[in-house]
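Below, chain A is the first sequence line, B the second, and so on; all start at residue 1. Remember, predicted model here, so these are calculated numbers, not experimental data.
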Protein chains: 2
Amino acid sequence: MGAQGRAVQVSTTNLAEKLGVAQQTISRHLIKLERLGLIERHLTARGELVKLTDSGTEELRSVHLGLRSILEAGVPTVISIEGEVFTGLGEGAYYISQKGYREQIIGKLGFDPYLGTLNLKLKSNLDLQARKELDAYPAIELRGFKTGLRTFGPVKCYKALINDKAEGAVVTALRSHYSTSVLEVIAPTDLRDLFKLKDGDKVCVKVFIPSSQQSSA
Amino acid sequence: MGAQGRAVQVSTTNLAEKLGVAQQTISRHLIKLERLGLIERHLTARGELVKLTDSGTEELRSVHLGLRSILEAGVPTVISIEGEVFTGLGEGAYYISQKGYREQIIGKLGFDPYLGTLNLKLKSNLDLQARKELDAYPAIELRGFKTGLRTFGPVKCYKALINDKAEGAVVTALRSHYSTSVLEVIAPTDLRDLFKLKDGDKVCVKVFIPSSQQSSA
DNA sequence: ATTACTATATATCGAGTAG
DNA sequence: TCTACTCGATATATAGTAA
């Protein structure tokens, strides 16, 4: 009702009718909003003057921006995750060398991968959380396949920028649950060599979420 | 998480952690959202595929647009109210003829008012509700003043368009409570004459809500 | 692993009412 | 009139657990 920037004269009865709830409910809500620092109130004889605080406006704005990014732009485009280099079991190279994966990587990610993965151990809670979120977002998916020897499951990938410099991708096996605290990164070149990395070094990965259109089912 | 248009693989546990509530709560909410027709669900062994329906997206969009109109444009700009002409006690002319009001009207509304008010009786619930809303929105305010004889209270005004043709203003005494079912309209000319109005005729008034900037405190 | 039931705990709502 | 308290009713959340 125009209460961002100016105080607006309202009464709890008034608002209650408009919103279809009881007067007491509005009273309680206004008190709560005031305690949360989202509105300022000034009681008068004929009701009260209510005004959004900067913090209140900010709260609305963040909901608005959140919705806009969903409705207009699609999905948040990039998630930053930081982790520490560690040496894995060398399995990465084995998987990537499989023709069934390699050809899909070339086709869907646009580069011929170096035969090895950079393993990053996620330490902070923020990074672990970001890693979990990733699972829910749409991904570029590599189909599973069979060789004479065994079956290889489907893999989810996200294009990524490593240390704000090198292009590559994050890969996550749909199956394994080793995944939750680890980020596996592939790239056209040997990232360990490129950045002179040794175990324990920190690496920042910007993961790109594909928009609904370009991602494959 | 990109579930507008595509189904997204989630689990209730997964979402519950992310939102900081119990798994059961998510389960209940997803069921409810499905019943409300806002999402589609497809249960699988590893969780469920969730997708916003058109109706769900529409719901989000309406919240988004609501917030946008507040955060970007300010306040809804115009409210339409319809009422029936009736003959008042002629008090309107008395008030408007007061120099203290008249000069402020010229200054703040931009016209020299005809010495009389057009009284509209609001009939429908919609119009009565719109009238009430008006009280809460920011207005152009005429200061109260004293003459040798008596005191005149402050008055709230809104610029208005009458029958989509004549410019004028809606005035509401801050004091009186006669106001809730009546709209008092002033204009530079005699509206009764201009529109050949007689008692009982319907008149449509588009009331303009001033943006926070231009309105005076 | 999942989802989702039932039962109990917690939070919210609204009637009555005081100030 | 107004705001906002108390308190019983209602709704929502979580624990435990089945499928």
Side-chain angles (χ1 to χ4, degrees), chain A residues 1 3 7-52 128 131-136 144 151 153-156 172-182, chain B residues 1 3 7-51 128 131-136 153-154 156 172-182:
Chain A
M1 303 190 317
V8 161
Q9 173 84 236
V10 291
S11 81
T12 53
T13 320
N14 184 346
L15 277 176
E17 272 177 30
K18 219 168 277 177
L19 297 176
V21 295
Q23 173 270 323
Q24 298 89 327
T25 303
I26 298 295
S27 176
R28 241 181 321 103
H29 279 351
L30 289 179
I31 292 169
K32 199 167 194 176
L33 286 168
E34 184 179 35
R35 284 188 187 147
L36 289 169
L38 299 174
I39 63 171
E40 278 170 23
R41 300 195 313 144
H42 178 70
L43 298 184
T44 72
R46 292 201 320 284
E48 48 193 292
L49 292 163
V50 176
K51 180 175 154 182
L52 280 171
L128 289 166
R131 173 67 189 79
K132 272 189 187 168
E133 267 184 50
L134 217 52
D135 285 332
T151 300
V155 171
K156 287 172 77 178
T172 76
L174 274 180
R175 220 50 64 86
S176 108
H177 266 271
Y178 164 75
S179 51
T180 48
S181 68
V182 169
Chain B
M1 304 190 321
V8 161
Q9 174 83 237
V10 291
S11 81
T12 53
T13 319
N14 183 346
L15 278 176
E17 272 177 31
K18 218 168 277 181
L19 297 176
V21 294
Q23 172 269 324
Q24 298 89 328
T25 303
I26 298 295
S27 176
R28 236 184 327 103
H29 278 127
L30 290 179
I31 292 168
K32 199 168 193 175
L33 286 168
E34 184 179 34
R35 285 189 186 145
L36 290 169
L38 300 175
I39 63 171
E40 281 170 21
R41 300 195 312 143
H42 178 70
L43 298 185
T44 72
R46 292 202 320 283
E48 47 193 293
L49 292 163
V50 176
K51 180 175 153 182
L128 289 166
R131 174 66 190 79
K132 271 189 189 170
E133 267 183 49
L134 218 51
D135 285 331
K156 288 172 76 177
T172 76
L174 274 180
R175 219 52 63 85
S176 108
H177 266 271
Y178 163 74
S179 51
T180 48
S181 68
V182 168

Using only heavy-atom distances, determine whether the side chains of Thr12(B) and Gln23(B) contain a donor-acceptor pair under 3.5 Å. yes
Over all heavy atoms of both residues, which pair between Leu30(B) and Ile39(B) is shortest? Give the atoms and the distance, please. O-CD1, 3.6 Å
May I have the distance from Leu49(A) (atom CG) to dT3(D) (atom P), rounded to whole angstrom? 11 Å
For the residue pair Arg131(B) and Leu134(B), establish whether any side-chain heavy-atom pair is separated by less than 4.5 Å. yes
Can you measure Glu17(B) atom CD to dA13(D) atom C1' for me and round it to whole angstrom units? 17 Å
Please report the distance, rounded to the nearest Å, between CG in Leu15(A) and P in dC2(D). 11 Å
Where Gln9(A) and Arg46(A) come nearest, the two heavy atoms and their spacing: OE1-O, 3.7 Å
Closest non-hydrogen atom pair between Ala7(A) and Leu49(A), with its separation: CB-CB, 3.9 Å
Summarise protein proximity over nucleotides 3-19 of chain C in one line of letters, 5' to 3': B for base, S for sugar-phosphate only, - for none, counting protein heavy atoms closer than 4.0 Å. BBB------SBBBB---
